[in-house]
Each structure stands twice: as structure tokens, then as C-alpha cells.
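Worksheet for the structure shown next.
Bear in mind that the values here come from a model prediction, so they are computed numbers and not experimental data.
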Amino acid sequence: MDLGCALDMLATQGWFAERSAETRARLGTIAKLRSFTKGDRIYLAGDRPNGMFGLISGSLNISIPRADGEDYTAHRAGAGFWLGDLALFSQGPRLVSVHAAEPTLMVQLPSPELVRLVRDDPRLYADFYALTYQNFRMAFDIISNLAIPSTEKRVADRLVLEAKMRGDQEGWIPLSQAELANMTAVSLPTLKRILRRFVELGLIDHRYARIQVLDRSALVRLCRG
């Protein structure tokens with residue numbers, strides 16, 4: 001895939017699609033195509049910012065450092081997702097670690113060129129505030145999910161959230177049961193029991209390393225019941 005095709009794909013979904021044609025064209029002048037293999041580091045918490053990244057294909061694991069020295073994988077990001085804005089514009093270190101969860105293609109907007117664009121036209125700040133707002137809203141959704149006391153409701157809520165943010169048109173979410181258990185702070189045996197019940201109720205289906213949401217409305221009702 002060449003850079004032009006990559007930018008065209010990004011223009012169909014997510015934050016980049018919501019920008020004006022003029023803004024997309026200006027950002028495209030500094031964009032670089034980057035490819036990563038499974039497990040590759042995009043950046044680590046504490047790194048100095050080296051630009052922003054837009055995800056074209058594949059997926060990313062977004063991890064937060066914990067007080068015990070381990071990382072908590074908070075989110076599996078999919079196509080159309082952008083990140084890197086907060087550290088870049090605040091001139092602070094990265095707050096999260098990002099790794100490729102599978103072979104992944106991204107566009108990078110390098111720091112020096114991006115800072116120069118914004119300095120030349122401060123109106124662009126509004127576009128990046130919009131992205132920061134989107135990513136904070138996602139972070140708050142994840143935090144509120146972890147605060148749900150009922151493990152069954154927590155899993156149901158997270159499946160709804162992941163289907164909205166990451167699922168394909170048929171509702172398939174590329175997560176293994178172990179990954180979902182980690183994200184929801186539920187033991188793997190407990191998660192498997194909950195998923196079996198959801199299958200029996202016709203709410204989901206699952207295959208190797210992916211889960212399909214069949215009835216999102218019913219999962220929402222379960223969360224609120």
C-alpha cells in the first residue's frame with residue numbers, strides 16, 4: 001500500500017475522517033508510512049514524543065504502567081484510531097505504552113513537522129483538541145467499566161464497548177478470552193463461565209481469539225438490569 005491509499009483509508013473512519021479536506025491534505029504532506037510486526041514497540045511510557053500515529057490496519061495494545069511494575073493492557077485499538085497527541089502538545093513524556101498486537105500498518109505525523117504546521121496555523125489546535133477529547137472519553141469508558149461491581153455486568157459492558165470501538169461490521173472483536181479477562185479484571189475461569197452463559201442466551205458467539213456480539217441491545221439491558 002502506498003501513502004496515498006493509506007490516507008484515503010484513514011479518511012473513511014475515525015478522527016481523520018472528521019477533519020476538513022484541507023486539513024487532511026495538509027497533514028498528508030508530512031505523513032510517513034510505517035509498518036510493524038506483532039509485538040513491535042511503537043513507544044513506551046516515559047518516552048519523549050516522536051509524533052502522532054494513525055492506525056490503518058492491524059491492531060494495537062494500549063498499556064498503562066501499574067504501581068507493581070507490570071503493565072495493564074487497557075485497550076485493543078483498531079483501524080481509524082489515532083494516538084500520541086497528548087504528550088506531543090503538552091511536551092511531556094508518554095503516559096502509556098503501545099505495541100503492535102498483530103502485523104500493523106500506520107501513518108506517522110513526525111513531531112518537528114507537525115509542530116511547525118500548528119505553529120504556522122494555530123487554528124489546527126482545535127482539530128487536535130477534538131482528538132484528545134475522543135481519547136479521554138474512551139479512557140473514561142474504560143475506567144467506568146472497571147468500577148462495575150458485578151463481574152457479569154462488567155464483562156457485558158466491556159463487550160458492548162469493544163464492539164462499538166473495535167468490532168467489525170459483523171460484530172467480531174479480535175480478543176482472546178485471556179485478553180478479555182485481563183481487561184475486565186476477571187479470573188479466566190470466571191470469564192469462561194460468563195461467556196458460556198452469554199452464548200446460551202444468544203448474546204454472543206466466540207471462536208479462537210475472537211468474540212462476536214450478536215445482540216448488543218440485550219447486553220446493554222443486562223448491564224442496566
Should [X] and [Y] be counted in the same cluster of Ile, Leu, Val, Met, Phe, Trp and Tyr side chains packed under 4.5 Å apart?
X    : Y    : value
F53  : L3   : no
L44  : V96  : no
V213 : L180 : yes
L55  : L161 : yes
L201 : V199 : yes

Discussion item. Listing request: all ring-ring contact (aromatic ring centres under 6.0 Å, His included) pairs with a residue in residues 1-51, at least two apart in sequence or in separate chains.
Written reply: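 Checked against ring-ring contact (aromatic ring centres under 6.0 Å, His included) - neighbours excluded - the pairs reaching residues 1-51 are W15-W82, W15-F128, F16-W82.
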Do [X] side-chain atoms and [Y] backbone N/O form a donor-acceptor pair below 3.5 Å?
X    : Y    : answer
T104 : E102 : yes
K164 : L159 : no
R216 : V160 : no
S144 : F140 : yes
S176 : A209 : no
Y125 : V118 : no
T23  : R19  : no

Atom pair [atom1]/[atom2] of [X] and [Y] - distance to nearest 0.5 Å:
X    : Y    : atom1 : atom2 : result
R221 : L203 : CZ    : CG    : 9.0 Å
L10  : T12  : CG    : OG1   : 7.5 Å
M183 : I142 : CE    : CD1   : 8.0 Å
I194 : K153 : CD1   : NZ    : 12.5 Å

Is there a side-chain contact between [X] and [Y] (heavy atoms, below 4.5 Å)?
X    : Y    : result
I64  : D71  : no
D47  : P93  : no
R24  : L7   : no
V107 : K32  : no
L114 : L27  : yes
L117 : L109 : no
V220 : L222 : no
L33  : I56  : yes

So that I can tick it off, tell me whether [Y] and [X] are bridged by a salt bridge, with the cut-off set at under 4.0 angstrom between side-chain N and carboxylate O.
X    : Y    : value
R207 : D205 : yes
R76  : E179 : yes
E200 : R196 : no

Nearest heavy atoms of [X] and [Y], plus distance in Å:
X    : Y    : result
T184 : R154 : O-NH1, 2.8 Å
S111 : P49  : OG-O, 3.5 Å
C223 : D157 : SG-N, 3.3 Å
A100 : T37  : CB-O, 3.4 Å

Discussion item. side-chain contact (heavy atoms from CB on, under 4.5 Å) for Q13 and F81? Distances and angles first, verdict last.
Written reply: CA-CA 9 Å; Q13 59 184 319; F81 185 77; over 6 Å; no
Answer yes if the side chains of [X] and [Y] hold a donor-acceptor pair under 3.5 Å, and no otherwise.
X    : Y    : value
E113 : Q108 : no
T132 : D85  : yes
T73  : S63  : yes

Item to complete: Tell me, please, which residues at least two apart from R94 pass salt bridge (Lys or Arg N to Asp or Glu O under 4.0 Å).
Response: none
Fill in: R26: salt bridge (Lys or Arg N to Asp or Glu O under 4.0 Å) partners, not counting sequence neighbours
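With neighbours one apart ignored, the set is D121.
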Worksheet item: Does the side-chain contact (heavy atoms from CB on, under 4.5 Å) test come out yes or no for M9 and M1, once each step is laid out?
Response: CA-CA 10 Å; M9 290 183 66; M1 182 183 299; 3.2 Å; yes
Discussion item. As a quick check of understanding, evaluate side-chain contact (heavy atoms from CB on, under 4.5 Å) for L83 and M52, giving each step before the final call.
Written reply: CA-CA 6 Å; L83 71 168; M52 287 178 50; over 6 Å; no
Worksheet entry | Atom CZ of R66 with >12 non-hydrogen neighbours under 6.0 angstrom |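 It does: R66 CZ has more than 12 such atoms within range.
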Discussion item. Quick one, L60 with H99, criterion side-chain contact (heavy atoms from CB on, under 4.5 Å). Give me CA distance, side-chain angles, the key distance, then yes/no.
Written reply: CA-CA 6 Å; L60 301 171; H99 292 82; over 6 Å; no
Discussion item. Ring centres under 6.0 Å, that's the criterion: do H206 and F198 meet it?
Written reply: no
